2 protein chains.
Amino acid sequence: MTMLQFPQEEPDFQVALSTSLVLFGFDGSDLQILLARSNRPPYEGALFLPSRYLNKEDELMLSARRMFEQLFGYDDPSMIEQLQAFGQVFRHPGGRVVNIAHYALVYKDDFQASQWEEHDMHWVTYHQVPDLAFDHNDIVQYAKERLKRRVKRRPVGFRLLPDEFTLGQLQSLYETALGKTFDKRNFRKKLFKTTLLIDLERKADGLAPGQHKGSQLFTFNREKYEKMKLEGYDFIF
Amino acid sequence: MTMLQFPQEEPDFQVALSTSLVLFGFDGSDLQILLARSNRPPYEGALFLPSRYLNKEDELMLSARRMFEQLFGYDDPSMIEQLQAFGQVFRHPGGRVVNIAHYALVYKDDFQASQWEEHDMHWVTYHQVPDLAFDHNDIVQYAKERLKRRVKRRPVGFRLLPDEFTLGQLQSLYETALGKTFDKRNFRKKLFKTTLLIDLERKADGLAPGQHKGSQLFTFNREKYEKMKLEGYDFIF
DNA sequence: TCAAAAGTGTTGGGGGTACACCCATGC
DNA sequence: GCATGGGTGTACCCCCAACACTTTTGA
């Protein structure tokens with residue numbers, strides 16, 4: 001009880017780990033979060049975050065990566081980040097389960113729609129997350145705050161957008177994630193100043209979701225961003 | 001393996017949890033981190049963060065709070081924050097141990113020195129953390145980044161300082177935590193603008209550690225800070 | 001023709017940064 | 001007397017915020 005030394009008393013090897021994944025997606029207009037609905041008793045009908053157990057020998061991110069791969073068809077660990085451990089998890093009849101929550105940003109077109117129907121998975125809009133099972137609302141809340149911080153410091157927004165996007169889409173994404181509105185002219189000036197946008201010198205045909213026909217198309221300057229990351233940069237929104 | 005549903009296969013109740021605590025302190029001049037040295041085989045001589053196991057029924061922060069109480073003689077959970085779970089922990093012969101790391105900010109005078117000698121605990125300066133056992137260097141690194149973010153957004157620095165402090169102490173703390181230097185005049189202007197400092201209209205007697213005799217003494221305006229927190233505020237350093 | 005989104009410049013104010021000298025204290 | 005830290009004001013520049021109208025498109 002009063003030990004601060006190694007080796008201490010014996011560890012208590014009776015805890016299980018689960019992972020929940022907060023997936024942020026962008027459908028062209030709106031920021032969304034992926035939820036699943038249980039189709040089996042006793043939780044039938046309940047909404048929750050995509051979740052799995054970890055085996056005791058698994059690396060902490062493994063379940064999140066497996067889920068990601070299952071939903072998207074490929075494995076890209078660079079998109080997944082740990083949030084933190086949540087201890088107030090549902091009481092499993094078998095014992096203590098601690099949830100190590102993760103989040104990831106995705107462009108929705110990558111999705112394997114077949115997976116979702118089978119598991120009754122749905123996107124809900126960022127502002128309309130309903131009551132979830134267990135402590136998953138807390139996790140979503142924490143993930144939103146993390147996203148906010150990330151969007152402020154890094155141009156992560158580009159991860160959510162399709163390769164070619166309009167400034168209207170970009171602004172709408174920033175406004176949702178940061179919870180405020182921007183003046184259109186000032187927003188554009190600020191973004192251009194970063195020199196991270198490449199003007200594709202083409203206009204949208206209006207077929208892609210969320211793109212207004214006639215809007216100028218842009219893409220993200222990845223090489224420049226990589227160089228800026230090496231040099232250290234200031235990007236505060 | 002491909003389940004995304006509750007209930008899933010059975011959880012694996014064979015993991016143990018430990019907690020490590022990164023304690024940042026300020027001795028009047030320097031930012032420091034508390035380390036322990038093992039005095040028993042097989043880890044004898046190794047340096048590590050103060051750490052404990054969690055019992056399976058414990059709330060996640062409990063061990064961190066107990067350690068804090070043991071070292072300081074009182075329990076103040078508002079000072080402790082979870083960092084995240086670290087999975088690459090030392091291999092315990094008995095099985096998998098996941099470390100849920102926490103950090104806290106303290107003013108060193110609160111410390112119960114008797115506790116330390118018994119457990120061979122020492123403050124090391126922020127910039128001179130040696131090689132630690134297990135993955136504790138990773139945890140320290142993560143904690144430093146978290147501290148940096150917190151210092152930028154909240155006036156947490158005041159938690160580390162004694163009730164009465166000089167502007168020199170405050171600036172030195174900010175410079176260490178943020179890893180850069182500030183112009184003295186600009187630093188003062190910026191701090192005064194926040195109106196979070198109260199001029200005590202007294203000068204330091206030079207007896208308190210790190211205080212230059214003759215320096216003006218200040219204290220932190222807690223009421224104002226509480227009000228600002230409610231209203232939401234912008235404090236970016 | 002009407003509604004919704006795109007596109008486009010200027011101005012004023014505030015905040016950040018750069019910069020130098022004198023005073024008080026302790027050794 | 002010398003070194004160390006304390007204390008003070010100004011000028012410039014950049015960035016941010018506020019602000020309105022015309023054009024294009026689709027319904």
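Per chain, numbering begins at 1; letters A, B, ... match sequence-line order. Predicted model only: the values in this text are computed from it and were never measured.
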[X] [atom1] to [N] [atom2]: how many Å, rounded?
X: B:Lys203; N: C:dC23; atom1: NZ; atom2: C1'; answer: 11 Å
X: B:Phe187; N: C:dA18; atom1: CZ; atom2: C1'; answer: 17 Å
X: B:Phe235; N: C:dG15; atom1: CZ; atom2: C1'; answer: 15 Å
X: B:Lys213; N: D:dG6; atom1: NZ; atom2: P; answer: 15 Å
X: A:Glu201; N: C:dG7; atom1: CD; atom2: P; answer: 13 Å
X: B:Lys152; N: C:dG16; atom1: NZ; atom2: P; answer: 13 Å
X: B:Gln169; N: D:dG7; atom1: CD; atom2: P; answer: 11 Å
X: B:Phe182; N: C:dG15; atom1: CZ; atom2: P; answer: 17 Å

A:Arg188 side chain near C:dG7 phosphate (N/O to OP1/OP2, under 4.0 Å):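 True: A:Arg188 side-chain N/O within range (under 4.0 Å) of C:dG7 OP1/OP2.
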Short side-chain N/O contact from A:Lys190 to OP1 or OP2 of D:dA17, under 4.0 Å: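 The answer is no; no side-chain N or O of A:Lys190 sits under 4.0 Å from OP1 or OP2.
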Over all atoms of both residues, closest heavy-atom pair of B:His136 and B:Ser20: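 Looking at all heavy atoms of both residues, the closest pair is NE2-OG, 3.4 Å.
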Verdict with supporting geometry, A:Phe187 and A:Phe237, ring-ring contact (aromatic ring centres under 6.0 Å, His included): CA-CA 10 Å; A:Phe187 182 84; A:Phe237 221 92; 5.7 Å; yes
Heavy-atom side-chain proximity of A:Lys144 to A:Tyr126 below 4.5 angstrom: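 Yes, their side chains come closer than 4.5 Å.
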Any side-chain heavy-atom pair of A:Leu167 and A:Phe192 under 4.5 Å: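 Yes; the side chains approach each other to less than 4.5 Å.
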Of all the nucleotides listed ([options]), which has the minimum atom distance to the side chain of [X]?
X: A:Lys184; options: C:dA6, D:dA18, D:dT10; value: C:dA6
X: B:Lys193; options: C:dG9, D:dG7, C:dG16; value: C:dG16
X: A:His212; options: D:dT8, C:dA6, C:dT17; value: C:dA6
X: B:Arg185; options: C:dA20, C:dG7, D:dG6; value: C:dA20
X: A:Lys189; options: C:dT17, D:dA18, D:dG7; value: D:dA18
X: A:Asn186; options: C:dG7, D:dA18, C:dC19; value: D:dA18

5' precedence on DNA chain C between B:Ile236 and B:Gly214 (nearest-nucleotide basis):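 Counting from the 5' end, the first nearest nucleotide belongs to B:Ile236.
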Distance-only donor-acceptor test (3.5 Å): side chain B:Asp183, base C:dA18: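 Check fails, no donor-acceptor contact within cut-off.
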Reported CG-to-CG distance for the pair B:Asp199 and B:Asn221, which is rounded to 0.5 angstrom: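 If we round to the nearest 0.5 Å, B:Asp199:CG and B:Asn221:CG are 12.0 Å apart.
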